[in-house]
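Structure, as structure tokens:
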Amino acid sequence: MKKRIFCTAKRMAALAMLTMVLTVGSAPAAQTVYADMPYDTYSYNYWTEDVIQPHAYLYTGSLSADDFQTKLNYPEDMFLTEEAVYVADTGNSRVLKLSLTGKVLMEWNTAGGEEDRLSKPQGIFVTEEGHLYVADSGNGRIVEYDAEGAFLRSIGRPVTDLIDSNQMYTPVKLVVDKAGRIYVTAYGINMGLLEFSKEGVFQGFMGAAEVSVNPLEYIWKNYFSTEEQKKRMETIVPTEYSNLFLDKEGFIYATISNLDEEGYLSGADAIRRLNPTGTDILRRLGNYNIIGDLYNSSEDAEWSVFRDVCATGYGCYFILDSAGGKVFAYDYDGNSLFIFGDKGNREGTMRLPAAIGTNRDASIIYVLDSQLGEIMQFEITEYGSHFLGAMEKNNRGDSQGAYEEWQEVLKQNSNCELAYIGLGKTFLKEGSYKKAMEYFELGNSKKYYSTAFYYYRKEIMQDYFSKAMGLVGVIILVTGTVIGVKKFRRWAGEVRCVMEKQ
Amino acid sequence: MRYGKTIKYAFHVIFHPFDGFWDLKREQRGSLAAALTFVALTIITLTLEKQKTAFLFNPYRLDRINVMVDVITVLLLYVLWCVANWCLTSLMDGEGKLKDIAIATGYALFPVILLRLPMILISYMLTSGEGSFYDVIGVVSYLWAGALLILGTMITHQYSVKKTLLTCICTIVGMGIIMFIGLLFFNVIQQMMTFVSTIYEEIRFR
């Protein structure tokens, strides 16, 4: 009986201590808990597992019909400038210019004259001078308005033999580069982007998506399958671009959304960064392909469908996935930074996201939801700003600043492999190779580990090579002498033998 | 001391296989104990390799390694090879007894230990640029062991080259068949057990 009481007392004490530890442990964490966010933020680690991390962006509200004083009907595109948001309100055949608080500043619609009457516009672009370009899909043309909103010109169907005359011409998305060249995607045209000169003259196609053929499939198709089978097999068609974004350096990010299962598994590129000659220059140095989610977890789940993309000035880019309602953030090298967002009916989840944009410093991400007719706003957290800050400082060459940012990131997320690699790079630059190796191992980067190890080995060699060689020399000398003496003695003995015989 | 001598004899076998395997059987210069030691050492080598190879050359994830998997894989393959080979060669006029086969197979594993064990240490001195060196040694160790296995079979059973190759292929097929039958047997037993236990429960609850 006594023993049992003692036991209970001990247990009580243990419980009390546990509670104490728990309260102490949870106190500092309490300040950054956002349990009410309707989505998780995560990323994939080296072993392709999805790992939860702190929220990088938080849903803070939407610009909705209450703010606009008018309803949007399936808007398809959005363009952000410093002081305004342009929305292509496709269902209502109009384009709106909104202030950042959602007030309608200007409107282009069907009410105008014959030449600037819009019909189902699906893509918009605003140049630095404030000129608005609209892909007026229903009318099969591109319209340009000046900064005051006045009609300037329209560019119709390209005059070329490259497009079949029976084919409809429906421009969908467009960008205009600094030289005034217009790049357009159009329905059913898979030869690449249509390129128009500054004057609106068709120049040709650019950045055609390549057709990749599996050699086995090719042989099967051409030599072994019957006519019936051939008919049933789908023809190989190059992919079409789904959206465009012009970054600060003048390169065009282009997303591809019509990949099939095989395309995802083989890692076909779902996004490209095209230079003016149409070559893909996107860096793909990450651990895995840039296809959004790496696997579809359940039977009815879908692969990510890249609907839109926007990039920051320092090479990070955000891709909008319309299938899963997610935003994927990648860095300049193609490493996955974080993934957030979800589809659903709760506030803060997406229904049918159509376009994405950020403000200048990427502190707010705007997502246009086509079905809701709202512009959702996601604001950056402290964690997110350290994360992106590290990228930005790294891009500027400020390695000390990046070092501090990475430290902050690690404080909140000790699973962040990129942070370990980032810190390792700083140590590598400083010349503390041993420490760099440690961090690269934590970050699972064999490539950088190998570099750090190379210098570390060199250092060791310089320190110990002469001593080691000296030791080897001494050993050789000693054994040589011993063997020599032995041999000499044997020889002397033989000589003595011979002498004695004689 | 004989045990030590039979272990040491492995060096002769791997460099002079024709002579070595002949003497293993006819002159009794090897022992089953030594052969089993080599099997155990192979298991240790493969396990150490997974756990201790330098970060640069280690594709395995330390917290997911299961030592039992290595142990069972090597042991199972060793036993299956010996048994299947013995079953086959007794029908095909082979001269080797089961013990001879077990010894020859055990000695054939020696290059794996000899090359792979030091490579664990060497992996700490190489950058990934020099990794091809590491890879080549790894491949050589397996090719060497494979060649020894074939030569061992040939000499133990006094076969021609053609017959040896045929036997080796048949042995591998035989291993598959044994595994299949084993699984089948296991499955049937399991079904029977559930059947009996269900009947027992039914009767008990009446």
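- Across all their heavy atoms, Leu126(B) and Phe453(A) have their closest contact at O-CE2, 3.1 Å.
- Around OH of Tyr288(A), the count of heavy atoms belonging to other residues, nucleotides or ligands within 6.0 Å exceeds 12.
- Within 6.0 Å of OH in Tyr455(A) there are 12 or fewer heavy atoms belonging to other residues, nucleotides or ligands.
- Counting heavy-atom pairs closer than 4.5 Å to chain A, the top-ranked of the candidates Gly129(B), Ala54(B), Ser128(B) is Ser128(B).
- A donor-acceptor pair under 3.5 Å is formed between the side chain of Arg457(A) and the backbone N or O of Met125(B).
- A 6.0 Å sphere centred on CZ of Arg490(A) holds no more than 12 heavy atoms belonging to other residues, nucleotides or ligands.
- When the shell of 6.0 Å around CE of Met179(B) is examined, it contains 12 or fewer heavy atoms from other residues, nucleotides or ligands.
- In this structure a side-chain-to-backbone donor-acceptor pair under 3.5 Å is missing from Lys446(A) to Phe57(B).
- Heavy atoms only, all atoms of each residue included: Trp47(A) and Tyr60(B) are closest at CH2-O, 3.8 Å.
- Atom OH of Tyr454(A) has 12 or fewer neighbouring heavy atoms from other residues, nucleotides or ligands inside a 6.0 Å radius.
- Side chain of Ser450(A) to main chain of Thr127(B): no donor-acceptor pair is present (N/O by atom type, distance under 3.5 Å, no hydrogens or angles).
- Other residues, nucleotides and ligands place more than 12 heavy atoms under 6.0 Å from the CH2 atom of Trp81(B).
- Tyr456(A) does not touch chain B: none of its heavy atoms, backbone or side chain, sits under 4.5 Å away.
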